[in-house]
Structure formats: C-alpha cells, structure tokens
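First the structure, in the form of structure tokens, and then the observations on it.
By convention in this document, chain letters (A, B, ...) are assigned in the order of the sequence lines, proteins followed by strands, and residues within each chain are numbered from 1.
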Amino acid sequence: MQYWLMKTEPSEFSIDDLAKKKLEMWDGVRNYQVRNMMRDDIKIGDLVFIYHSNAGADTGIVGVVKIAKEAYPDPTQFDPKSAHPDPKSDPANPNWLCVDVEFVKKFKRIVTLHELKADLSLTDFRLVKRGNRLSVMPVTKKEFEYISKLALS
DNA sequence: GCCAACGTTGGC
DNA sequence: GCCAACGTTGGC
C-alpha cells in the first residue's frame with residue numbers, strides 16, 4: 001500500500017465534485033515524471049490526499065480518495081476539443097496515462113498549506129518544499145497518518 | 001495579476 | 001548536447 005497526493009484547482013474540480021460523482025477519471029496529466037509514477041508505482045487501493053491549489057486561504061489538503069483503476073491511456077490526449085490534446089501522441093503507443101479515483105472522505109476541516117508549512121514535523125514533506133510543481137507526488141505512510149490525524153484535531 | 005521556479009522546445 | 005526562449009504551475 002502506497003500513499004500519494006494529487007493537486008486540483010477547486011474551481012475546476014473539487015473534493016465536493018468528487019463526493020457527488022464517487023468515481024472520477026483523473027485525466028489531463030501532461031508531465032512525464034507524473035506519467036511514470038502512474039505507470040510504474042500507483043496501484044489499485046492506494047490512498048491519495050486531495051489538495052486544493054490556488055484556493056486562497058482554503059488552499060490545502062481537503063480529503064482522501066483511493067485508486068480505483070490503474071494507469072490506462074488518457075483519452076483526452078486524442079480529443080482535439082479537450083483541454084490538453086496532444087496531436088503528437090500515437091494511439092498505438094500513447095504518450096499520456098490516467099487513473100480512476102474513488103471518493104473516500106472529505107475532511108471535517110482543511111489542513112491548510114500555511115499549517116503544513118509551519119509544522120516542524122513536516123519539513124521534509126514534498127508539498128512544502130521549494131519549487132515543487134508536480135501535480136501528483138508520493139507521500140510517506142508516516143506523513144499520511146500524521147496529516148490524517150491533524151484533520152481530526 | 002505578478003513572478004519565481006520549473007519543464008519543454010527548438011535552433012545551432 | 002547546450003541553452004535561450006517560451007509556456008505552465010501555483011503561491012502570494
């Protein structure tokens with residue numbers, strides 16, 4: 001069992017949208033590092049923090065989902081009307097992958113970015129490291145459990 | 001809206 | 001293979 005964090009802009013797609021839909025295709029990833037993580041490391045049943053970015057004071061970790069389907073070709077890369085078409089991608093050997101995620105829970109409160117940055121036990125947490133722009137990143141078991149506990153406090 | 005920090009692209 | 005230009009992310 002591994003743990004991850006996925007970023008989303010709540011104005012585009014939020015934890016509340018996920019709570020309503022239950023299951024969602026996590027498409028649109030156009031970064032090779034993230035694609036490789038999806039291809040090689042993200043397994044069904046893995047637990048994932050959902051992080052709301054660009055959300056002002058509400059920026060932070062808002063809940064948990066789990067991986068419902070492992071990496072498969074992202075159909076939006078072949079759709080010229082999608083937000084991120086990739087005309088160079090060959091359907092026989094697709095450039096980009098996506099996974100399906102299933103809603104698990106929304107936290108009672110947001111564990112804010114501000115709070116995560118100020119927490120001395122999280123100085124090694126990828127999310128708060130300078131210059132980190134990955135939209136999907138690994139989270140250690142320790143970090144996952146610690147932050148889950150913070151959300152209850 | 002600004003801009004720092006990246007990642008990608010393409011000329012050479 | 002180098003690197004300048006450009007595009008994107010995301011905090012502020």
message = For a quick check, tell me whether the side chain of A/R133 and the base of C/dT8 share a donor-acceptor pair closer than 3.5 Å.
response = yes
query = Are any of A/Y51's side-chain N or O atoms less than 4.0 Å away from OP1 or OP2 of C/dG11?
reply = yes
task = Report yes if a side-chain nitrogen or oxygen of A/K88 is closer than 4.0 Å to either non-bridging phosphate oxygen (OP1 or OP2) of B/dT8; otherwise report no.
result = no
Evaluation steps, side chain to side chain contact (heavy atoms under 4.5 Å, CB included), between A/T76 and A/R30 = CA-CA 11 Å; A/T76 67; A/R30 297 293 182 267; 3.0 Å; yes
request  = For A/N31 and B/dT9, give me the distance from atom CG to atom P, rounded to whole Å.
outcome  = 11 Å
query = Rounded to whole angstrom units, what separation is found between the CG atom of A/L134 and the C1' atom of B/dT8?
reply = 15 Å
request  = Give a yes/no answer on whether the side chain of A/K7 brings an N or O atom under 4.0 Å of OP1 or OP2 in C/dG10.
outcome  = yes
query = Starting at CD of A/E9 and ending at C1' of C/dG10, how long is that distance when rounded to a whole Å?
reply = 7 Å
message = In the structure I gave you, are the side-chain heavy atoms of A/Q2 and A/P138 within less than 4.5 Å of one another anywhere?
response = no
query = So, A/S148 versus A/E145: side-chain donor-acceptor pair below 3.5 Å or not?
reply = no
remark   = Here the residues of residues 32-39 of chain A within 4.0 Å heavy-atom distance, strictly under, of DNA chain B are A/Y32, A/Q33
request  = Find the distance A/L127:CG to C/dG11:P and express it as a whole number of Å.
outcome  = 8 Å
request  = Decide whether A/V99 and A/W4 are clustered together by the hydrophobic rule: side chain heavy atoms of Ile, Leu, Val, Met, Phe, Trp, Tyr closer than 4.5 Å, transitively.
outcome  = yes
ask   = Considering only heavy atoms, which members of residues 111-120 of chain A lie under 4.0 Å from some atom of DNA chain C?
value = A/L113, A/K117
request  = May I have the distance from A/H84 (atom NE2) to B/dT8 (atom C1'), rounded to whole angstrom?
outcome  = 15 Å
message = Rounded to whole Å, how long is the line connecting atom CG of A/N132 with atom P of B/dA4?
response = 18 Å
inquiry  = Distance check needed: C/dT9 C1' versus A/R126 CZ, whole Å only.
reply    = 15 Å
note = To the nearest angstrom, the CD1-P distance between A/I110 and C/dG11 comes to 13 Å
task = Heavy atoms only: give me the nearest A/W26-A/K7 pair and the separation to one decimal.
result = CZ2-O, 3.6 Å
task = Hey, could you give me each pair passing ring pair (Phe, Tyr, Trp, His ring centres under 6.0 Å) that has a residue in residues 111-138 of chain A? Not counting sequence neighbours.
result = none
inquiry  = Is the ring pair A/F49/A/F144 parallel, tilted or perpendicular, if the boundaries are 30 and 60 degrees?
reply    = parallel
query = Is it true that A/R109 and A/E115 make a salt bridge, defined as a side-chain N closer than 4.0 Å to a carboxylate O?
reply = yes
request  = Taking only Lys NZ, Arg NE, NH1 and NH2, and the carboxylate oxygens of Asp or Glu, determine whether A/R35 and A/D74 approach each other closer than 4.0 Å.
outcome  = no
